[in-house]
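Only one structure is covered here, and it is reproduced in the block below.
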Amino acid sequence: MGAMAEFSHENVGGADTLRFSGSLSLAKLGDFPNRLRNFDGAVDRLDLSRVERIDTVGAWLIYRFAEEHGARIEGLSRDAAHLLDQVSAADQQVAMRPDSAGPLVRVIGEIGEATIMTFKTMYGLLGFFGATCIAFFNVITHPKRFRFNATVHRFEVVGVSALGIIGLMSFLIGLVIAQQGAVQLRQFGAEVFTINLVGRITLRELGVLMTAIMVAGRSGSAFAAQIGTMKLTEEIDAMRTIGVSPMEALVLPRVLAAVLMMPLLGFYASVFAIVGGGLFCWISLGIPPVTFIQRLREVVPITDLYIGLVKAPVFGAIIAIAGCFQGMLVESDAEQVGKRTTSAVVQAIFLVIVLDAFFAVFFTWLGWV
């Protein structure tokens, strides 16, 4: 185990020297730190050639003593020299409280960090989209790798299970649009144009947009939580170990389900919104259903329906890819699952609204107004 740590003061060649001996380890220090701290003589050199063993605590005592007395350390073995280097490298001043910056600097810094994070996220999302396309191509070229049962199950989760909440939401939105529109149009004696408002805004915009927001909050969050939990429990690593591609087994069925079900859900939501608006027009404005439908066919062009059906699969792809991408980013602890799930919903809704604005400008440019 070694002898207790000791030191002696000598004058060697005109230089005041402290010669250390024994074991400079925690178990053998005893009152060595106090005696070393109370030493007040002049010291030029610290000789450690007779030290049997030294650990981090002993290296720290020697290093601090040498720094305080301006002495050089000699006689170290290679391992002891390496340990002393590590101790000296760790001797850094640590600010207990960060330096306070002005409000303007702090705001600019936060904006810069948010901008960098946004670009990193978009870059990662584009890369994940590319990986999804590659997985889709691999499944097309090798049809036996397509997971039919998993995809059908996602159809039920994304589509069938969402019919109730989406139908109710769309019905109420159609009712509110008709009520608010009628209140404003009544000032000009033009309540009949409430039909135009309900028909065009639900088929062209709100039907698909509100459905996408609902699917993002319901299915996109579920995708992120499911894949994130699997990542946390190392199930995805196990899949890679046995030769199963997570992109083909987990991501692709969810993306296909969202892409294929969104047009159906969007059309379903638009129909329920029109039903809600028609019911209000019948009860409050005295417009019978036959007249409402006839007027609807006259004022709503078929292009409005086409626009909604074109946007729907794009929105579905964005929602599914954002949810799966955030789920794949989960690491280290369960708290990450909640954070990534929230990020998936926010990211999907933001991208859906941005793309909807792009589609609005694009179709107006094409003349589909």
Side-chain angles (χ1 to χ4, degrees), residues 158-219 261-316 319 345 348-350 352-364 366-369:
V158 175
V160 178
S161 300
L163 290 176
I165 185 64
I166 290 178
L168 177 61
M169 176 197 69
S170 301
F171 178 83
L172 294 176
I173 287 176
L175 201 67
V176 170
I177 290 173
Q179 189 270 332
Q180 293 296 317
V183 168
Q184 300 302 319
L185 292 170
R186 186 176 291 119
Q187 302 176 28
F188 309 98
E191 295 97 327
V192 70
F193 289 105
T194 304
I195 303 174
N196 303 47
L197 178 65
V198 172
R200 299 213 63 181
I201 199 170
T202 53
L203 281 174
R204 188 183 183 99
E205 290 292 339
L206 280 187
V208 175
L209 183 61
M210 296 306 297
T211 301
I213 292 174
M214 182 62 68
V215 171
R218 186 180 178 279
S219 301
M261 292 304 298
M262 270 299 297
L264 300 178
L265 289 174
F267 180 75
Y268 169 82
S270 299
V271 170
F272 264 78
I274 290 173
V275 170
L279 184 63
F280 176 83
C281 291
W282 185 18
I283 295 174
S284 181
L285 304 181
I287 302 176
V290 175
T291 305
F292 180 87
I293 295 173
Q294 183 179 1
R295 176 71 177 176
L296 201 66
R297 295 177 60 184
E298 293 174 357
V299 300
V300 179
I302 194 64
T303 53
D304 285 356
L305 177 61
Y306 294 158
I307 289 172
L309 295 180
V310 166
K311 292 191 293 187
V314 179
F315 292 168
I319 292 167
V345 175
I349 293 176
F350 173 76
V352 162
I353 294 174
V354 169
L355 284 174
D356 187 65
F358 168 78
F359 277 123
V361 175
F362 176 72
F363 287 124
T364 301
L366 288 180
W368 290 11
V369 294

Do F363 and T303 touch side chain to side chain, with heavy atoms closer than 4.5 Å? no
Any side-chain heavy atom of V208 sitting closer than 4.5 Å to one from I307? no
From Q180 atom CD to L185 atom CG, the distance as rounded to the nearest 0.5 Å: 11.0 Å
Out of the candidates I173, L206, L209, only one should pair with I201 under the side chain to side chain contact (heavy atoms under 4.5 Å, CB included) rule; please name it. L206
Is there a side-chain contact between N196 and R295 (heavy atoms, below 4.5 Å)? yes
Once you round to the nearest 0.5 Å, how far does CG of L309 lie from CG of L264? 9.0 Å
Tightest non-hydrogen contact, residues L265 and G159, listed as CD2-O, 3.9 Å
Any heavy-atom pair between the side chains of V352 and V314 that's under 4.5 Å? no
Can you see which heavy atom on R200 is nearest to which on V299, and at what distance? CD-O, 4.0 Å
Show the nearest heavy-atom pair for residues F292 and C281, with the distance to one decimal. CE1-SG, 3.9 Å
With a 4.5 Å limit on heavy-atom distance, are the side chains of V176 and F280 in contact? no
Smallest heavy-atom separation, V345 atom then G217 atom, equals CG1-CA, 4.1 Å
Rounding to 0.5 Å, atoms CE (M214) and CE (M169) come to a distance of 4.5 Å
Please determine which of I287, L285, I177 meets the side chain to side chain contact (heavy atoms under 4.5 Å, CB included) test together with T194. L285
Describe, in one word, how the ring planes of Y268 and F272 are oriented to each other, choosing from parallel (under 30°), tilted (30 to 60°) and perpendicular (over 60°). tilted
A312 to M262 - nearest heavy-atom pair and separation: O-CB, 3.3 Å
V215 and I166: CA distance, side-chain angles, deciding distance, side chain to side chain contact (heavy atoms under 4.5 Å, CB included) verdict: CA-CA 9 Å; V215 171; I166 290 178; 4.3 Å; yes
Report the C-alpha separation of T211 and F315 in whole Å, then their side-chain angles, then the decisive distance to 0.1 Å, and conclude whether the side chain to side chain contact (heavy atoms under 4.5 Å, CB included) test is met. CA-CA 10 Å; T211 301; F315 292 168; over 6 Å; no
Measuring from atom CZ of F362 to atom CG of L355, what distance do you get when rounded to the nearest 0.5 angstrom? 12.5 Å
CD (Q184) and CD (E191) are apart, to the nearest 0.5 Å, by 12.0 Å
Under 3.5 Å donor-acceptor, T202 side chain and V198 backbone: yes
Going from CD on E205 to CZ on F359, what distance comes out if it is rounded to the nearest 0.5 angstrom? 10.5 Å
Minimal non-hydrogen separation, A348 against A216, with atom names: CB-CB, 4.0 Å
